[in-house]
Amino acid sequence: MPELPEVETVVRELRDGLQGRRIERMEALWSKTFQNINGRDVDGQRVRAIGRKGKYILLYLDDQDMIIHLRMSGQLLFTGARSQAPHKHDRLIFDLEGGERLVFRDARKFGRIYLVNEADSHLAHVGMDALDPRMTPSHFRNLLRQSRQGIKAFLLSQKGISGLGNIYVDEALFLAGIHPLTRCVSIKNPHELRTVILGVLTKAIDNMGSTISDYRNTRGNEGMNQHYFYVYGRQGLPCKKCGAIIVKARMAGRGTHFCPECQPEA
DNA sequence: CCAGCCCCCTGTCGGC
DNA sequence: TGCCGACAGGGGGCTG
């Protein structure tokens with residue numbers, strides 16, 4: 001479900017509603033969700049700071065770091081009253097000081113929450129965040145030079161650059177006029193692709209993310225960016241640039257949407 | 001190294 | 001209506 005813009009939207013809301021507050025008690029309703037690496041517990045700890053790397057949410061607690069990945073259907077929701085019974089899909093409950101409650105809801109049970117000593121070292125294998133200022137034009141160009149993968153597979157891999165998923169890869173490649181199977185090395189204008197990626201992600205953040213079915217922000221609201229897609233989910237409809245019919249095909253293991261005219265095969 | 005599977009799960013939708 | 005397969009914003013593991 002959530003890619004960088006959806007995760008960033010949630011992170012900004014958590015900075016508002018969770019940062020600086022104490023977790024009085026955590027309750028696990030589905031044991032697989034919570035992966036406790038070092039065996040300690042979070043009860044009584046304060047959330048000192050909140051960060052993000054790619055699609056990972058980082059909670060810096062007093063003594064440990066918590067890493068949250070929503071995967072396909074995970075949601076973090078402020079639900080208010082503690083008296084109400086848990087929702088069918090609630091996997092983890094955080095009772096916060098002051099009486100409010102933060103719930104991790106996840107229909108498909110793919111989401112994971114890790115308690116680790118240091119988040120940053122734990123995520124060292126994840127590529128640089130797409131919006132990191134160090135993702136300069138020359139750095140991005142070098143990443144493309146070093147990979148022999150197709151561009152869609154590379155951007156989805158989270159190696160080198162992290163945060164893009166199936167929606168925003170398809171949208172960015174369309175706007176850059178690049179066929180999804182183009183080899184990274186063969187991309188003529190990496191600078192332009194990087195610029196397009198930044199534009200696609202920041203516009204989606206401005207629109208509070210994209211909701212296809214499951215994504216909600218921490219208040220349970222849908223995003224708005226799904227109303228502005230060029231290709232994602234638009235198979236069979238005319239291209240907004242040239243009028244050709246948008247095609248959906250399986251590429252890099254995922255449903256892939258593109259315009260055969262605007263994104264010719266290399 | 002890379003592409004292509006499978007798996008982890010549940011819900012939804014289209015076809016018959 | 002009901003059943004059944006395909007598919008879904010992700011990612012880890014395995015094989016060829």
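The model shown is predicted, which means the values in this text are computed figures rather than measured ones. Lettering of chains follows the sequences in order, A, B, ..., and the numbering in each one begins at 1.
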Peer 1: Need one value for A:E6: base, sugar-phosphate or nothing, where a base atom within 4.0 Å counts as base even if backbone is also close, heavy atoms only.
Peer 2: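 Contact class for A:E6: none.
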Peer 1: Distance between the P atoms of B:dC1 and C:dG10, in whole angstroms?
Peer 2: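 Approximately 24 Å lies between the P atom of B:dC1 and that of C:dG10.
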Peer 1: Are any side-chain N or O atoms of A:N217 and backbone N or O atoms of A:T9, one a donor and one an acceptor, separated by less than 3.5 Å?
Peer 2: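 Answer holds: no.
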Peer 1: Considering only heavy atoms of chain A and a distance under 4.0 Å, specify the first and last nucleotide of DNA chain B in 5' to 3' order that meet this criterion.
Peer 2: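 Range of nucleotides within reach of chain A: B:dC1 to B:dG11.
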Peer 1: In whole angstrom, give the distance that lies between atom NE2 of A:H122 and atom P of C:dG11.
Peer 2: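 Value for this atom pair: 14 Å.
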Peer 1: Spell out, as yes or no, whether a donor-acceptor pair under 3.5 Å connects the side chain of A:Q35 to the backbone of A:T33.
Peer 2: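 Looks like no, no N/O pair under 3.5 Å.
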Peer 1: With a cut-off of 3.5 Å and sequence neighbours excluded, list every side-chain donor-acceptor pair involving residues 124-132 of chain A.
Peer 2:
unit_1: A:D129; atom_1: OD1; unit_2: A:R52; atom_2: NH1; d: 2.5
unit_1: A:D129; atom_1: OD1; unit_2: A:G54; atom_2: N; d: 2.7
unit_1: A:D129; atom_1: OD2; unit_2: A:R52; atom_2: NH2; d: 3.3
unit_1: A:D129; atom_1: OD2; unit_2: A:L131; atom_2: N; d: 2.8
unit_1: A:D132; atom_1: OD1; unit_2: A:R134; atom_2: N; d: 2.7
unit_1: A:D132; atom_1: OD1; unit_2: A:R134; atom_2: NE; d: 3.1
unit_1: A:D132; atom_1: OD2; unit_2: A:R134; atom_2: NE; d: 3.3
unit_1: A:D132; atom_1: OD2; unit_2: A:R134; atom_2: NH2; d: 2.7

Peer 1: Is there a residue in residues 164-171 of chain A whose heavy atoms reach under 4.0 Å of DNA chain C, and which residues are they?
Peer 2: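 When residues 164-171 of chain A is checked for heavy atoms under 4.0 Å from DNA chain C, the hits, listed by number, are A:G165, A:N166, A:I167.
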Peer 1: For A:S73 and A:D214, indicate whether the former's side chain and the latter's backbone hold a donor-acceptor pair under 3.5 Å.
Peer 2: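 No, because the side chain of A:S73 does not come within donor-acceptor range (under 3.5 Å) of the backbone of A:D214.
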Peer 1: Give me each pair satisfying salt bridge (Lys or Arg N to Asp or Glu O under 4.0 Å) with a member in residues 26-43 of chain A, each pair once, sequence neighbours excluded.
Peer 2: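 Applying salt bridge (Lys or Arg N to Asp or Glu O under 4.0 Å) to every pair that reaches into residues 26-43 of chain A, excluding sequence neighbours, yields A:R25-A:E27.
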Peer 1: Using the criterion of both pairing distances under 3.5 Å for Watson-Crick and G-U wobble pairs, give all stems of 3 or more consecutive pairs involving DNA chain C.
Peer 2: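 Result, WC/G-U stems under 3.5 Å: B:2-8 with C:10-16, B:10-16 with C:2-8.
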Peer 1: Nearest whole angstrom, please: distance from the C1' of C:dG11 to the CG of A:L155.
Peer 2: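 So the two atoms are 16 Å apart, to the nearest Å.
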Peer 1: Regarding A:Y56, tell me which of base, sugar-phosphate or nothing describes its non-hydrogen contacts under 4.0 Å with the strands shown.
Peer 2: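 Result for A:Y56 = sugar-phosphate.
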Peer 1: Would you kindly compare A:Y215 and A:H125 by the position of their nearest DNA chain C nucleotide and give the one closer to the 5′ end?
Peer 2: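 Residue closer to the 5' terminus by nearest nucleotide: A:Y215.
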Peer 1: Taking only heavy atoms on the protein side, list every residue of residues 142-150 of chain A lying under 4.0 Å from any atom of DNA chain C, sorted numerically.
Peer 2: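 DNA chain C contact set from residues 142-150 of chain A: none.
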Peer 1: Any donor-acceptor pair under 3.5 Å linking the side chain of A:D106 with the backbone of A:G111?
Peer 2: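 Pair found, side chain donor or acceptor close to backbone of A:G111.
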Peer 1: With ring-ring contact (aromatic ring centres under 6.0 Å, His included) as the rule and sequence neighbours excluded, what pairs involving residues 195-223 of chain A come up?
Peer 2: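 Sorted pair list comes back empty.
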Peer 1: Using atom types as modelled and distance alone, determine if a side-chain donor or acceptor of A:T211 lies under 3.5 Å from a backbone N or O of A:S213.
Peer 2: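 Looks like no, no N/O pair under 3.5 Å.
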Peer 1: Can you tell me how far P in C:dC3 sits from the matching atom in B:dC8, rounded to whole Å?
Peer 2: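 Roughly 24 Å separates the two P atoms.
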Peer 1: I need the CD-C1' distance between A:Q235 and C:dC7, as an integer number of Å.
Peer 2: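 Rounded to the whole Å, the gap is 11 Å.
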Peer 1: Step by step, would you call A:F258 with A:D170 a side-chain contact (heavy atoms from CB on, under 4.5 Å)?
Peer 2: CA-CA 7 Å; A:F258 66 104; A:D170 282 5; over 6 Å; no
Peer 1: So, is A:K55 close to the C:dG11 phosphate, meaning a side-chain N or O under 4.0 Å from OP1 or OP2?
Peer 2: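 Checking A:K55 against C:dG11: at least one side-chain N or O falls below 4.0 Å of OP1 or OP2.
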Peer 1: Students often get this wrong, so: under 4.0 angstrom with heavy atoms, is A:K88 touching a base, only sugar-phosphate, or nothing?
Peer 2: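 Here A:K88 touches the backbone only, sparing every base.
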Peer 1: Looking at A:Q263 and A:C259, would you say the former's side chain and the latter's main chain have a donor-acceptor pair under 3.5 Å?
Peer 2: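 Checked: pair present.
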Peer 1: Residues from residues 102-115 of chain A sitting under 4.0 Å of DNA chain C, heavy atoms only?
Peer 2: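 The answer is A:R108, A:F110.
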Peer 1: What is the distance, to the nearest angstrom, from the CG atom on A:L156 to the C1' atom on C:dG12?
Peer 2: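 In whole Å, C:dG12 C1' and A:L156 CG are 15 Å from each other.
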Peer 1: What integer distance in Å separates A:I161:CD1 from C:dG11:P?
Peer 2: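 Distance check: A:I161 CD1 to C:dG11 P gives 13 Å.
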Peer 1: Do A:S121 side-chain atoms and A:E118 backbone N/O form a donor-acceptor pair below 3.5 Å?
Peer 2: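 Yes: the side chain of A:S121 pairs with the backbone of A:E118.
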Peer 1: May I have the distance from A:K53 (atom NZ) to C:dG11 (atom C1'), rounded to whole angstrom?
Peer 2: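 Rounding to the nearest Å, NZ of A:K53 and C1' of C:dG11 are 16 Å apart.
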Peer 1: Provide the distance between the two P atoms, one in B:dC6 and one in C:dG5, to the nearest whole Å.
Peer 2: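 Those two atoms are separated by 15 Å.
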Peer 1: Rounded off to whole Å, could you give me the OH-to-C1' distance for the A:Y232 and C:dG10 pair?
Peer 2: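 In whole Å, C:dG10 C1' and A:Y232 OH are 12 Å from each other.
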Peer 1: What ring-ring contact (aromatic ring centres under 6.0 Å, His included) pairs are there with at least one residue in residues 133-172 of chain A, not counting sequence neighbours?
Peer 2: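 Applying ring-ring contact (aromatic ring centres under 6.0 Å, His included) to every pair that reaches into residues 133-172 of chain A, excluding sequence neighbours, yields nothing.
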Peer 1: Would you check if A:R48 and A:R46 make a side-chain contact, meaning some heavy-atom pair closer than 4.5 Å?
Peer 2: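 In contact.
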Peer 1: Can you check whether A:L77's main-chain N or O pairs, donor with acceptor, with A:T218's side chain at less than 3.5 Å?
Peer 2: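 Checked: no pair found.
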Peer 1: What is the separation between atom CG on A:L123 and atom P on C:dG10, rounded to the nearest whole Å?
Peer 2: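 Distance, rounded to whole Å: 17 Å.
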Peer 1: Using atom names, set out every protein N or O paired with an N or O of nucleotides 3-5 of chain C below 3.5 Å, distance rounded to 0.1 Å.
Peer 2:
none

Peer 1: Whether the side chain of A:E24 engages the backbone of A:G44 through a donor-acceptor N/O pair (distance < 3.5 Å, no angle test) should be reported.
Peer 2: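 No.
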Peer 1: Could A:R219 and A:E13 be called an ion pair, given the rule that one side-chain N must be under 4.0 Å from one carboxylate O?
Peer 2: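 Judged by the 4.0 Å cut-off on N to carboxylate O distance, A:R219 and A:E13 do not form a salt bridge.
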Peer 1: Donor-acceptor pair, distance only, cut-off 3.5 Å: does the side chain of A:K53 make one with the backbone of A:L123?
Peer 2: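 Checking the backbone N and O of A:L123 against the side chain of A:K53, a donor-acceptor pair under 3.5 Å is found.
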Peer 1: Identify every side-chain donor-acceptor pair in residues 175-183 of chain A under 3.5 Å, counting partners at least two apart or on other chains, and give the distances.
Peer 2:
unit_1: A:H179; atom_1: ND1; unit_2: A:L181; atom_2: N; d: 3.1
unit_1: A:T182; atom_1: OG1; unit_2: A:H179; atom_2: O; d: 2.7
unit_1: A:R183; atom_1: NH1; unit_2: A:R148; atom_2: O; d: 2.8

Peer 1: Which atom pairs, one a donor and one an acceptor, fall under 3.5 Å between side chains of residues 232-239 of chain A and the rest of the protein, sequence neighbours left out?
Peer 2:
unit_1: A:R234; atom_1: NH1; unit_2: A:Y230; atom_2: O; d: 2.9
unit_1: A:R234; atom_1: NH1; unit_2: A:P238; atom_2: O; d: 3.1
unit_1: A:R234; atom_1: NH2; unit_2: A:P238; atom_2: O; d: 2.9

Peer 1: Kindly determine whether A:I197 and A:L164 satisfy side-chain contact (heavy atoms from CB on, under 4.5 Å), including the steps that lead there.
Peer 2: CA-CA 9 Å; A:I197 288 172; A:L164 286 96; 4.0 Å; yes
Peer 1: How do A:S210 and A:K159 order along DNA chain C: which one's closest nucleotide is nearer the 5' end?
Peer 2: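 Per heavy-atom nearest nucleotide, the more 5' residue is A:S210.
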